[in-house]
Amino acid sequence: MALKSNRIVGAEALVRWEKGSSMIMPDEFMPLFERNGFIIKLDLYVFERVCGWMREWLDLGERPVPISVNLSRAHLDDDEFLGAYIAIQKKYEIPKELVELELTETLLADNMKNVEKALEKIHHAGYLCSLDDFGSGYSSLNILKDIHFDILKLDKGFFKAAGPEDENGKAIIEAVVRMAKKLKMYTVAEGVETEAQINFLRAIQCDAVQGYAISRPVGKSSFEQMVFGGRRDAARGGAVR
């Protein structure tokens with residue numbers, strides 16, 4: 001949610017594995033997929049589903065918001081990885097400005113050269129690229145000095161650590177937001193759970209927030225209600241976040 005307009009301006013596609021009546025969370029199956037290489041197929045599957053939904057919405061006259069999809073470490077070893085994404089985007093005729101690929105900070109430390117090349121290709125293709133979980137690793141400042149991302153997503157750990165009376169924690173968050181703005185990056189605070197956190201982030205001019213204070217992860221139909229206002233011609237089925 002954008003803090004100036006209080007409007008939904010973006011979303012993030014999350015993956016869950018339904019097994020019978022239970023739900024398996026990503027941290028339980030993603031490590032296996034990363035080891036056996038299946039993660040590449042999963043990433044492309046998610047991207048194609050998102051593009052398919054956007055095509056539905058566009059055909060219905062709706063105005064979708066960008067939905068970010070994760071770009072896993074395995075893609076960075078292939079210089080031609082972006083070709084598959086471009087083919088899917090063109091297949092569904094999705095406007096380039098709606099495509100947002102997301103890299104997590106933790107995978108960058110040992111892949112800086114590959115990340116630089118990948119980011120150059122992403123920008124050349126006309127897509128957005130966000131840095132997720134900023135602050136969860138130890139190389140954050142070097143990353144921001146050397147590589148320009150369009151969107152900086154502050155890790156939820158910032159807000160778990162910074163309580164209402166934690167002035168040091170608040171000072172760090174404010175400094176990060178100011179630094180990102182000087183580097184011309186859009187700022188998103190993740191894991192926001194309280195109205196007090198929203199008010200603080202609005203006061204320091206953070207651009208947007210996501211987290212339980214706005215919405216828990218929802219399925220596609222609920223997402224359409226949030227973004228399109230429940231118009232009768234909203235598409236049906238699937239799951240977004």
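Phe33 and Phe38 have perpendicular rings, their planes meeting at more than 60° on a 0 to 90° scale where under 30° would count as parallel.
Going from atom CG of Leu101 over to atom CZ of Phe149 covers 11.0 Å, rounded to the nearest 0.5 Å. Note that NZ of Lys156 is 12.5 Å distant from CD of Gln197, once rounded to the nearest 0.5 Å. Here the CG atom belonging to Asp133 is positioned 11.0 Å from the CG atom belonging to Leu103, to the nearest 0.5 angstrom. In this structure, Asp155 CG and Glu105 CD are separated by 8.0 Å, a value rounded to the nearest 0.5 Å. The CG atom of Leu71 lies 6.0 Å from the CG atom of Leu76; values are rounded to the nearest 0.5 Å. Between the CG atom of Leu152 and the NZ atom of Lys181 there is a distance of 11.0 Å, given to the nearest 0.5 Å.
If you check the side chains of Arg202 and Asn6, you find a donor sitting under 3.5 Å from an acceptor. In the model, Glu48 has a side-chain atom that pairs as donor or acceptor with a side-chain atom of Tyr92 under 3.5 Å. Residues Trp53 and Glu224 bring no donor and acceptor atom of their side chains to less than 3.5 Å of each other.
Under 4.0 Å is where a charged nitrogen must lie from a carboxylate oxygen, and between Glu116 and Lys121 no such pair does. Glu174 and Lys170 are not joined by a salt bridge, as no carboxylate oxygen comes within less than 4.0 angstrom of a charged side-chain nitrogen.
Gln210 contributes no side-chain N or O that, together with a main-chain N or O of Glu190, makes up a donor-acceptor pair within less than 3.5 Å. Looking only at distances, no side-chain donor or acceptor of Ser68 sits under 3.5 Å from a matching main-chain atom of Glu100. Side-chain atoms of Asp43 come within 3.5 Å of backbone atoms of Ser72 as a donor-acceptor pair (strictly under, hydrogens ignored). Listed for the Arg55 side chain is a donor-acceptor partner under 3.5 Å among the backbone atoms of Glu93. When atom types are taken as modelled, the side chain of Asp207 and the backbone of Thr187 share a donor-acceptor pair closer than 3.5 angstrom.
Atom CZ of Arg16 has more than 12 neighbouring heavy atoms from other residues, nucleotides or ligands inside a 6.0 Å radius. Atom CD of Glu97 has more than 12 heavy atoms from other residues, nucleotides or ligands within 6.0 Å.
Hydrophobic clustering, with ILVMFWY side chains joined whenever heavy atoms are under 4.5 angstrom apart, groups Met185 together with Leu201. Under a hydrophobic clustering in which Ile, Leu, Val, Met, Phe, Trp and Tyr are joined whenever their side-chain heavy atoms come within less than 4.5 Å, directly or via other members, Val188 and Val177 fall into different clusters. Following chains of ILVMFWY side-chain contacts shorter than 4.5 Å, one can reach Val99 starting from Ile67, so the two form part of one hydrophobic cluster.
Residues meeting the ring pair (Phe, Tyr, Trp, His ring centres under 6.0 Å) test with Tyr85, sequence neighbours left out: Phe47, His75.
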